[in-house]
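Nothing here was measured: the structure is a model prediction, and the numbers come from that model.
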Amino acid sequence: MQQEMIAYVLARLPIGFSFFGHGLVRIPKLSSFAEGMAASFSETLLPNGVVLAFAYALPWVELLLGIGLLLGFAMRKFTFAGVMLICVLIFGSSLQESWSSVATQMFYGLYLSLLYLFADYNAYSIYKAKN
């Protein structure tokens, strides 16, 4: 069982750093990030205001998800939230016909789903929520 718990931490850390890093680098340049994202959706059916609001929120959500995943906090809740975020991103990437982005996001969704499935091995964390 010890190996499984260590393996879970080793699987949790890379995706946690990925989300954390996404948020961390985007927050200092939040306006330019949000404006750029909104511009990239100008040819889709999504209203600019919706995209802009989402783009301003996204880095904060990524940062919080990253912190939660790094600390192993309530893994089933955080991985579920992560998959829901990925579903929204997949929808947006599909509207842009950015199929390479969809493929990457599918990998993230699968990765988070596996962390959700094996959350009982999350022994090295600051808080282990009940299922």
Side-chain angles (χ1 to χ4, degrees):
M1 180 77 96
Q2 184 71 16
Q3 282 183 316
E4 289 88 348
M5 290 184 238
I6 292 170
Y8 192 84
V9 171
L10 293 176
R12 190 181 82 211
L13 292 176
I15 198 157
F17 276 112
S18 179
F19 275 105
F20 181 77
H22 274 83
L24 189 66
V25 300
R26 290 174 173 165
I27 288 170
K29 56 181 180 181
L30 190 54
S31 291
S32 63
F33 167 75
E35 299 284 336
M37 186 174 185
S40 75
F41 278 87
S42 63
E43 301 295 317
T44 70
L45 59 90
L46 292 177
N48 184 60
V50 171
V51 176
L52 197 57
F54 179 79
Y56 272 103
L58 178 60
W60 295 102
V61 172
E62 290 171 325
L63 184 73
L64 292 174
L65 279 172
I67 291 169
L69 294 169
L70 287 171
L71 296 176
F73 185 79
M75 284 302 293
R76 285 215 165 89
K77 292 175 183 172
F78 271 83
T79 53
F80 182 86
V83 170
M84 293 302 103
L85 174 63
I86 293 299
C87 288
V88 172
L89 294 174
I90 288 172
F91 178 71
S93 295
S94 296
L95 292 177
Q96 292 178 316
E97 299 183 67
S98 178
W99 308 120
S100 60
S101 295
V102 170
T104 300
Q105 292 156 347
M106 292 286 293
F107 176 76
Y108 269 68
L110 175 61
Y111 198 115
L112 289 165
S113 296
L114 290 171
L115 286 176
Y116 180 92
L117 178 64
F118 294 106
D120 288 338
Y121 292 114
N122 186 39
Y124 301 109
S125 64
I126 65 161
Y127 173 73
K128 185 175 176 180
K130 297 286 183 202
N131 297 336

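- Separation of atoms CG (L13) and OG (S18) is listed at 12.5 Å; rounding is to 0.5 Å.
- Tracing side-chain contacts under 4.5 Å through hydrophobic residues (I, L, V, M, F, W, Y), one never reaches I15 starting from L64; they form parts of separate clusters.
- The distance from the OG atom of S98 to the CG atom of L89 is 11.0 Å, given to the nearest 0.5 Å.
- Nearest heavy-atom pair across A55 and A34 is CB-CA, 3.6 Å.
- Atom CG of L110 and atom CG of L117 lie 10.5 Å apart (nearest 0.5 Å).
- Atom CD of Q105 sits about 9.0 Å away from atom OG of S100, to the nearest 0.5 Å.
- Atom CZ of F107 has 12 or fewer heavy atoms from other residues, nucleotides or ligands within 6.0 Å.
- Counting all heavy atoms, side chain and backbone alike, M37 lies closest to V51 at O-CG1, 3.9 Å.
- Summarising the geometry of G68 relative to F78, their closest heavy-atom pair is CA-CE2, 3.6 Å, with the distance given to 0.1 Å.
- Rounding to the nearest 0.5 angstrom, the gap separating the OG1 atom in T79 from the CZ atom in F118 is 12.5 Å.
- Put simply, V88 and L52 are part of the same group of oily side chains (I, L, V, M, F, W, Y) that touch within less than 4.5 Å, one to the next.
- Residue L95 is grouped with residue M84 when hydrophobic side chains (ILVMFWY) are merged at heavy-atom distances under 4.5 angstrom, including chains of intermediate members.
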Full working for side-chain contact (heavy atoms from CB on, under 4.5 Å) between L58 and L85: CA-CA 9 Å; L58 178 60; L85 174 63; 3.7 Å; yes
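- Under a hydrophobic clustering in which Ile, Leu, Val, Met, Phe, Trp and Tyr are joined whenever their side-chain heavy atoms come within less than 4.5 Å, directly or via other members, Y124 and L69 fall into the same cluster.
- Residues forming a side chain to side chain donor-acceptor pair (under 3.5 Å) with Y116 (at least two apart in sequence, or on another chain): none.
- Between the CD atom in E35 and the CG atom in N48 there is a gap of 8.0 Å [rounded to 0.5 Å].
- Cluster annotation: V50 is not connected to Y56 through the hydrophobic network of ILVMFWY side chains, with a link wherever side-chain heavy atoms come within less than 4.5 Å.
- In this structure the side chain of V83 reaches within 4.5 angstrom of the side chain of C87, judged on heavy atoms.
- At least one side-chain heavy atom of W99 sits under 4.5 Å from a side-chain heavy atom of S94.
- Closest of all the heavy-atom pairs between N122 and G72 is ND2-O, 2.9 Å.
- Here the closest heavy-atom approach between residue G82 and residue L112 is recorded as C-CD1, 3.5 Å.
- Applying the ring pair (Phe, Tyr, Trp, His ring centres under 6.0 Å) definition to pairs two or more places apart or across chains, those involving residues 6-50 are F19-Y108.
- Here the side chains of M75 and S125 are not in contact, with every heavy-atom distance at 4.5 Å or above.
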